[in-house]
Amino acid sequence: MKKVVIVGTNHAGTAATNTILDNSNNHQVTVFDSNNNISFLGCGMALWIGNQIAGPEGLFYSNKETLESKGAKVYMETPVNKIDFNAKVVYGKNAHGEIIEEHYDDLILATGSLPIIPKIQGMELENVQKVKLYQHAEVVIEKLKNPEIRDVVVVGAGYIGVELAEAFERHGKNVTLIDIATTSLPAYYDAPFTQMMNENLSSHGIKLAFGETVQKLEGDGKVERVVTDKATHKADMVVMAIGFRPNTELGAEHLDQFRNGAYLVNKKQETSIPNVYAIGDCATVYDNSIDNTSYIALATNAVRSAIVAAHNVIGNDIDSAGVQGSNGIAIYDLKMVSTGITAERAKLLGLDVLYTDFEDLQKPEFITEENHKVKLRIVYDAKTRIILGAQMASQHDMSMGIHLFSLAIQEKVTIDKLALTDLFFLPHFNKPYNYVTMAAITAK
Ligand SMILES: Cc1cc2nc3c(=O)[nH]c(=O)nc-3n(C[C@H](O)[C@H](O)[C@H](O)COP(=O)(O)OP(=O)(O)OC[C@H]3O[C@@H](n4cnc5c(N)ncnc54)[C@H](O)[C@@H]3O)c2cc1C
Ligand SMILES: NC(=O)c1ccc[n+]([C@@H]2O[C@H](COP(=O)([O-])OP(=O)(O)OC[C@H]3O[C@@H](n4cnc5c(N)ncnc54)[C@H](O)[C@@H]3O)[C@@H](O)[C@H]2O)c1
């Protein structure tokens with residue numbers, strides 16, 4: 001029986017545990033987690049705060065008992081504070097202060113990420129909130145019951161910040177959304193798309209304060225104001241959503257790391273030490289859209305990287321297909337999806353790209369019900385004409401559309417091949433000359 005120890009059992013650790021125990025009878029899995037809950041779907045936090053779901057019950061899909069029923073040994077509320085990579089021993093300390101020692105043949109690090117907390121004055125004031133764990137959501141929900149919490153300032157207009165801005169507005173609060181960048185969602189969309197999101201947010205009464213750098217938080221015991229380089233914003237609650245950093249102190253001295261500290265892994269998810277794997281938010285990914293190592297913290301990447309690592313641990317030699325950072329967001333009626341690289345990020349990286357835009361109704365004009373416009377941008381390499389990114393925006397759910405582009409980037413499909421790809425027509429669904437074909441056919 002080979003022994004596998006997994007440190008961290010949220011999305012990545014749970015997927016690795018399940019994959020090993022579902023596919024092998026001669027591996028014993030022991031998992032450690034410092035938290036008292038696992039598999040919390042962070043994305044549900046905004047739905048819960050915005051009263052779009054009744055409560056948090058459905059936001060978990062696993063727990064200690066489920067993993068134990070498969071044969072795993074699970075230590076909850078037991079942070080691992082030391083790993084001896086030579087003797088292959090993991091040391092954890094449980095809630096009673098007892099030291100737990102576990103030897104391993106294979107080690108999987110799934111310690112995830114931590115919210116980036118800015119070093120500014122006033123972070124210690126009451127009602128300044130982080131938003132990562134289930135416990136954070138519980139505290140925010142409880143505090144929102146206080147009618148004196150009227151003005152909420154969200155710092156960071158990335159995915160979490162934009163989703164929470166909508167949630168607090170739906171909860172009846174006055175919301176200000178601040179970002180150091182001059183727009184929302186700068187990492188995922190080009191200007192024509194972020195402009196749509198910005199208009200969507202402000203049309204629902206959310207005050208946008210972009211291009212502002214938070215300098216300090218002020219208040220007497222409780223936060224009262226957010227002071228930026230351009231303005232002072234009234235705040236009874238401040239939520240910090242300015243990104244994640246990989247949680248890699250445990251292996252920092254022993255494992256090769258990416259520039260942001262994430263564990264560098266190969267396509268088998270193996271780190272610089274054989275039989276030590278890293279998965280999810282604590283590890284790098286291979287980004288097919290830039291043909292290079294990158295860091296993209298997503299639950300989808302966490303699960304897929306876990307499956308790859310787990311199969312390699314049990315002797316199935318498989319490689320990661322790489323990722324494109326596919327993602328989606330739905331704010332009020334506006335749905336936006338993107339994959340790969342934006343034209344703006346390509347320019348920053350000095351890549352020579354072109355892009356083709358097309359906007360049209362989803363279905364023929366004679367369909368008057370449920371027929372919305374779709375905006376599409378496809379980014380491709382100016383020389384090879386290989387597709388490197390795509391962005392879509394509509395009131396329709398175009399998630400299947402962005403999956404097409406994710407596969408196209410992964411398989412290095414050119415814009416010219418896409419132009420002639422077989423896409424069906426039926427007026428209930430689309431137009432004979434649909435926007436994907438039209439965008440590709442009209443590409444420069
Ligand atoms: C509000 C919010 C919304 C999100 N929405 C989406 C979304 O819609 N789609 C999407 O793809 N992604 C989303 N994400 C990102 C997604 O949640 C993360 O990418 C995902 O959680 C990564 O999973 P992970 O298991 O790698 O890391 P984590 O979820 O960070 O889990 C790491 C685990 O390791 C444990 N741990 C850490 N250190 C130790 C230690 N030393 N000893 C023992 N245990 C340890 C922690 O307790 C934790 O349980 C969202 C995140 C947030 C916060
Ligand atoms: N729908 C989804 O797929 C989804 C939803 C939520 C979270 N996530 C993932 O979770 C991770 C964390 O999300 P996030 O929103 O925290 O990160 P993010 O990287 O998406 O956004 C961080 C935002 O904060 C801004 N920022 C950075 N430093 C700042 C500062 N000092 N002051 C003001 N603004 C600052 C950045 O410009 C950026 O817009 C990301 O990887 C994200 O993709 C995904």
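Every number for a ligand or one of its atoms is a count from 1 in the order of the listing.
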Considering heavy atoms of the protein only, find what lies nearest to [atom] and give residue, atom and distance to 0.1 Å.
{"atom": "atom 52 (C) of ligand 1", "value": "Ile160 CD1, 3.5 Å"}
{"atom": "atom 8 (N) of ligand 2", "value": "Tyr159 CB, 3.9 Å"}
{"atom": "atom 26 (O) of ligand 1", "value": "Asp281 N, 2.9 Å"}
{"atom": "atom 29 (O) of ligand 1", "value": "Asn10 ND2, 2.7 Å"}
{"atom": "atom 25 (O) of ligand 1", "value": "Ala12 N, 2.9 Å"}
{"atom": "atom 30 (C) of ligand 2", "value": "Ile242 CG2, 3.9 Å"}
{"atom": "atom 21 (O) of ligand 1", "value": "His11 CD2, 3.1 Å"}
{"atom": "atom 4 (C) of ligand 1", "value": "Cys43 N, 3.6 Å"}
{"atom": "atom 18 (P) of ligand 2", "value": "Tyr188 OH, 3.7 Å"}
{"atom": "atom 33 (C) of ligand 2", "value": "Ile180 N, 3.3 Å"}
{"atom": "atom 39 (O) of ligand 2", "value": "Asp179 OD2, 2.7 Å"}
{"atom": "atom 28 (P) of ligand 1", "value": "Lys132 NZ, 3.6 Å"}
{"atom": "atom 27 (O) of ligand 1", "value": "Gly112 CA, 3.1 Å"}

Flag [X] as yes when one of its N or O atoms lies below 3.5 Å from any N or O atom of ligand 2, and as no otherwise.
{"X": "Val155", "result": "no"}
{"X": "Leu185", "result": "no"}
{"X": "Ile329", "result": "no"}
{"X": "Leu298", "result": "no"}
{"X": "Phe244", "result": "no"}

Does one side chain, of [X] or [Y], offer a donor that lies under 3.5 Å from an acceptor on the other?
{"X": "Asp190", "Y": "Gln391", "result": "yes"}
{"X": "Ser406", "Y": "Gln324", "result": "yes"}
{"X": "Thr14", "Y": "Thr9", "result": "yes"}
{"X": "Tyr263", "Y": "His254", "result": "no"}
{"X": "Ser399", "Y": "Lys335", "result": "no"}
{"X": "Glu166", "Y": "Asn200", "result": "no"}

Heavy-atom proximity to [atom], best of [options]:
{"atom": "atom 39 (C) of ligand 1", "options": "Ser34, Gly325, Gly8", "value": "Ser34"}
{"atom": "atom 3 (C) of ligand 1", "options": "Gly42, Cys282, Ala15", "value": "Gly42"}
{"atom": "atom 9 (C) of ligand 2", "options": "Pro115, Pro118, Ala297", "value": "Ala297"}
{"atom": "atom 49 (O) of ligand 1", "options": "Asn35, Leu114, Val7, Asp33", "value": "Asp33"}
{"atom": "atom 41 (N) of ligand 1", "options": "Ile329, Val31, Val80, Leu41", "value": "Val80"}
{"atom": "atom 17 (O) of ligand 2", "options": "Gly158, Gly243, Ser338", "value": "Gly243"}
{"atom": "atom 38 (N) of ligand 1", "options": "Thr300, Asn247, Leu109", "value": "Asn247"}

Spell out, as yes or no, whether a donor-acceptor pair under 3.5 Å connects the side chain of [X] to the backbone of [Y].
{"X": "Tyr355", "Y": "Tyr380", "answer": "no"}
{"X": "Tyr188", "Y": "Thr339", "answer": "no"}
{"X": "Thr284", "Y": "Val265", "answer": "yes"}
{"X": "Ser39", "Y": "Ser62", "answer": "yes"}
{"X": "Lys93", "Y": "Glu98", "answer": "no"}
{"X": "Ser289", "Y": "Gly389", "answer": "no"}
{"X": "Asn288", "Y": "Ala321", "answer": "yes"}
{"X": "Thr356", "Y": "Ala439", "answer": "yes"}

Classify the contact between Ala299 and ligand 1 as side chain, backbone, both or neither, using a heavy-atom distance cut-off of under 4.0 Å.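 Contact part for Ala299 vs ligand 1: both backbone and side chain.
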Counting heavy atoms only, which part of Ile38 comes closer than 4.0 Å to ligand 1: side chain, backbone, both or neither?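 It is neither; nothing of Ile38 touches ligand 1.
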Those atoms of ligand 2 less than 4.0 Å from some heavy atom in [X]:
{"X": "Glu163", "result": "1 (N), 5 (C), 6 (C)"}
{"X": "Ala241", "result": "16 (O), 22 (C), 23 (C), 24 (O)"}
{"X": "Ile160", "result": "6 (C), 7 (C), 12 (C), 13 (O), 14 (P), 15 (O), 16 (O)"}

Heavy atom of Phe40 under 4.0 Å from ligand 1?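 Judged by the 4.0 Å heavy-atom criterion, Phe40 does not count as contacting ligand 1.
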Closer than 4.0 Å: a protein non-hydrogen atom to [atom]:
{"atom": "atom 23 (O) of ligand 1", "answer": "yes"}
{"atom": "atom 9 (N) of ligand 1", "answer": "no"}
{"atom": "atom 46 (C) of ligand 1", "answer": "yes"}

Salt bridge (charged side-chain N to carboxylate O under 4.0 Å, His left out) for Lys143 and Asp236? Distances and angles first, verdict last. CA-CA 10 Å; Lys143 288 188 172 182; Asp236 305 314; over 6 Å; no
Heteroatom proximity flag, Thr9 to ligand 1, N/O under 3.5 Å: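 Among all N and O atoms of Thr9, none is under 3.5 Å from an N or O of ligand 1.
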Compute the shortest N/O to N/O distance between Thr78 and ligand 1 and return yes if it is under 3.5 Å, no if not.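 So ligand 1 has no N or O lying under 3.5 Å from an N or O of Thr78.
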Is [X] close enough to touch ligand 2? Criterion: a residue heavy atom under 4.0 Å from a ligand atom.
{"X": "Pro186", "result": "yes"}
{"X": "Gly328", "result": "yes"}
{"X": "Val214", "result": "no"}

Answer with side chain, backbone, both or neither: which part of Glu212 has a heavy atom less than 4.0 angstrom from an atom of ligand 2?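 Neither part.
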Side chains of [X] and [Y], heavy atoms from C-beta outward: is any pair under 4.5 Å?
{"X": "Phe210", "Y": "Pro186", "value": "no"}
{"X": "Gln362", "Y": "Tyr435", "value": "yes"}
{"X": "Phe168", "Y": "Val140", "value": "yes"}

Anything under 30° is parallel, anything over 60° is perpendicular, the rest tilted; go ahead and classify Phe40 against Phe60.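 Judged by the thresholds at 30° and 60°, the geometry between Phe40 and Phe60 is tilted.
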Shortest non-hydrogen separation from Gly161 to Leu177 and the atoms involved: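 Reported closest heavy-atom pair: O-CD1, 3.8 Å.
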Would you mind checking if Asp151 and Lys173 are paired as a salt bridge, meaning a charged N to carboxylate O distance below 4.0 Å?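 Asp151 and Lys173: not salt-bridged.
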